[in-house]
Amino acid sequence: MRFGGLTALNDVSFDLTEGEVIGLIGPNGAGKTTLFNCLTGLYSPTAGEVALRGERLPEDPAKVTELGVARTFQNIRLFPSMTAQENVLVGRHCRMKQNPFSSLLHGPGFRRSEAEAAGRAAELLEFVGLTKFSDELARNLPYGDQRRLEIARALATDPSVLLLDEPTAGMNAQETEATRQLILAIRELGISVVVIEHDTKFIFTLCDRVLVLVQGELLVEGTPDEVRGDPRVVEAYLGAPPEEVEAQIHAGEQTP
Ligand SMILES: Nc1ncnc2c1ncn2[C@@H]1O[C@H](COP(=O)(O)OP(=O)(O)OP(=O)(O)O)[C@@H](O)[C@H]1O
């Protein structure tokens, strides 16, 4: 992926299998969000392609969502003046098959579809632990719960792949652990997850596989243990002094 003279991603290739959780780590500007933007059709890669079950994905975010790839963003992008339930219903919209005449007249097909969507939204709010906030405006939810609501909204599109961009940014330790448990529960549903995070402890204790991007290139790929023990990661990751990086990377080992 090139932006004028800048190559943001160069020859980055990976597979994702069903129900797998992949962690994507790397220094600021490594190309992590750009990769998500390529996977979701927001950017048209200048070379290469993205495929889901062998089918090339279109460069159209709405169609990519319909085909089963959902995402959250680095910065919270909820509709602040809508309730938690309404935010989830927005995500559900792409799955509501509507006859335009039935919608206009609020016919039985429309009412059935609305009831189905409301039921699914309630299930998802329960899944992420936000039932008590269903009728609360999104902007009034505690920060960590807003992030969970974003995940519920993404799940409402019935994805087979979920991309999470820094889902624990700004969270305290308790909220971070709750997010880890939530992602594990999502994996149990057979959904594949790719997570961008700077918190390596979180990544190494959550993911089946970890990709390390540095300056747009895939530096290392492997299990958390393989990545943690790779000297290239210690040397290059975050561009910080080696002792600091090593301390951060090995912090993950202390988690039960
Ligand atoms: N739309 C764009 N136009 C021009 N350059 C861009 C664009 N999007 C990203 N870039 C550049 O591509 C590079 C990779 O950026 P990207 O945001 O993907 O990194 P990142 O790994 O997600 O960083 P961070 O951890 O800070 O979020 C950066 O040099 C960035 O400035």
Side-chain angles (χ1 to χ4, degrees), residues 1-14 16 21-50 57-65 69-78 143-144 146-147 150-151 154 161-171 175-176 179-180 183 192-207 209-222 224 227-228 230 232-242 244-249 251-252:
M1 178 79 224
R2 295 176 67 87
F3 299 108
L6 176 92
T7 303
L9 289 174
N10 186 24
D11 199 20
V12 175
S13 181
F14 69 99
L16 179 64
V21 180
I22 286 191
L24 189 55
I25 61 174
N28 290 325
K32 304 179 296 295
T33 299
T34 300
L35 181 58
F36 271 18
N37 289 342
C38 291
L39 297 179
T40 52
L42 210 56
Y43 290 167
S44 308
T46 34
E49 66 172 48
V50 181
L57 286 176
E59 284 148 16
D60 175 336
K63 289 204 178 107
V64 170
T65 307
V69 182
R71 78 178 288 183
T72 64
F73 291 85
Q74 210 167 336
N75 304 313
I76 290 178
R77 292 197 184 181
L78 292 168
Y143 178 81
Q146 291 194 22
R147 286 218 165 261
E150 284 203 305
I151 294 177
V161 178
L162 178 63
L163 309 177
L164 303 173
D165 199 343
E166 299 194 28
T168 70
M171 285 188 175
E175 290 169 330
T176 299
T179 303
R180 203 172 71 87
I183 296 171
S192 310
V193 185
V194 186
V195 194
I196 294 177
E197 257 309 338
H198 285 292
D199 179 349
T200 50
K201 176 178 169 184
F202 177 81
I203 288 290
F204 289 139
T205 56
L206 168 74
C207 298
R209 203 147 48 95
V210 179
L211 311 181
V212 185
L213 267 188
V214 175
Q215 292 181 355
E217 307 216 347
L218 194 52
L219 182 76
V220 178
E221 174 185 352
V227 169
R228 232 188 329 232
D230 193 306
R232 289 170 299 171
V233 178
V234 176
E235 194 179 305
Y237 185 65
L238 292 179
E244 210 177 279
V245 173
E246 199 150 6
Q248 193 187 355
I249 286 173

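Both backbone and side-chain heavy atoms feed into the values below; hydrogens, waters and symmetry mates do not. The structure displayed is predicted, hence computed values, not measured ones. For ligands, and for the atoms within them, numbers begin at 1 and follow the listed sequence. Sequence positions, counted from 1, serve as the residue numbers for this chain.
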Novice: Which residue owns the protein heavy atom closest to atom 17 (O) of ligand 1, what's the atom, and how far is it?
Specialist: Thr33 CB, 3.9 Å
Novice: Can you report which non-hydrogen protein atom sits closest to atom 1 (N) of ligand 1, along with the distance?
Specialist: Tyr43 OH, 3.1 Å
Novice: Using 0.5 Å steps for rounding, measure from the CZ atom of Phe73 to the CG atom of Leu163.
Specialist: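 Interatomic distance, Phe73 CZ to Leu163 CG, rounded to 0.5 Å: 9.5 Å.
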Novice: Any N or O of Gly26 that comes nearer than 3.5 Å to an N or O of ligand 1?
Specialist: no
Novice: Which of the numbered atoms in ligand 1 are below 4.0 angstrom from a heavy atom of Ala30?
Specialist: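 Close to Ala30: 19 (O), 20 (P), 21 (O).
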Novice: Do the side chain of Arg180 and the main chain of Thr205 share a donor and acceptor less than 3.5 angstrom apart?
Specialist: yes
Novice: Do Val194 and Leu211 have side chains that get closer than 4.5 Å, going by heavy atoms?
Specialist: no
Novice: N/O to N/O below 3.5 Å, does that happen between Leu35 and ligand 1?
Specialist: no
Novice: Check the pair Ile76 / Arg147 against side chain to side chain contact (heavy atoms under 4.5 Å, CB included), numbers first and verdict last.
Specialist: CA-CA 7 Å; Ile76 290 178; Arg147 286 218 165 261; 3.9 Å; yes
Novice: Does even one non-hydrogen atom of Pro27 get within less than 4.0 Å of ligand 1?
Specialist: yes
Novice: In the protein, what heavy atom is nearest to atom 28 (C) of ligand 1, and what distance, to one decimal place, separates them?
Specialist: Gly29 O, 4.1 Å
Novice: Determine whether a donor-acceptor pair (N or O, by modelled atom type, separation under 3.5 Å) exists between the side chain of Lys32 and the backbone of Val212.
Specialist: no
Novice: Below 4.5 Å, heavy atoms only, C-beta onward: do Glu59 and Pro45 meet side chain to side chain?
Specialist: yes
Novice: If hydrogens are left out, which of Thr34, Ile196, Ile25 has an atom nearest to atom 18 (O) of ligand 1, that is, the closest non-hydrogen atom?
Specialist: Thr34
Novice: Could you tell me the residue and atom name of the protein heavy atom closest to atom 3 (N) of ligand 1, and the distance to it rounded to 0.1 Å?
Specialist: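 Checked against all protein heavy atoms, atom 3 (N) of ligand 1 sits closest to Phe3 CD2, 3.5 Å.
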Novice: Given His198, Glu197, Gln74, identify the one with the heavy atom nearest to atom 27 (O) of ligand 1.
Specialist: Gln74
Novice: Do you know which two heavy atoms are closest between Pro224 and Cys207, and how far apart they sit?
Specialist: CG-O, 3.2 Å
Novice: Who's the nearest protein heavy-atom neighbour of atom 25 (O) of ligand 1, and how far?
Specialist: Lys32 NZ, 2.8 Å
Novice: Which option wins on minimum heavy-atom distance to atom 26 (O) of ligand 1: Leu42, Asn28, Thr7?
Specialist: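 Looking at heavy atoms only, Asn28 sits closest to atom 26 (O) of ligand 1.
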Novice: How many angstroms lie between CD1 in Ile151 and CD1 in Ile183, if you round to the nearest 0.5 Å?
Specialist: 5.5 Å
Novice: Which atom pair, heavy atoms only, marks the closest approach of Lys63 to Pro58?
Specialist: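 The answer is CB-CG, 3.7 Å.
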Novice: For atom 21 (O) of ligand 1, is the nearest protein heavy atom under 4.0 Å away?
Specialist: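 Yes.
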Novice: Is there a polar contact, in the sense of an N or O pair closer than 3.5 Å, between Leu6 and ligand 1?
Specialist: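 In this structure, Leu6 places no N or O atom under 3.5 Å from an N or O of ligand 1.
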Novice: Considering only heavy atoms from C-beta outward, does the side chain of Phe14 approach that of Leu35 to under 4.5 Å?
Specialist: yes
Novice: Phe36 near ligand 1, heavy-atom distance under 4.0 Å?
Specialist: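 No, Phe36 has no heavy atoms under 4.0 Å from ligand 1.
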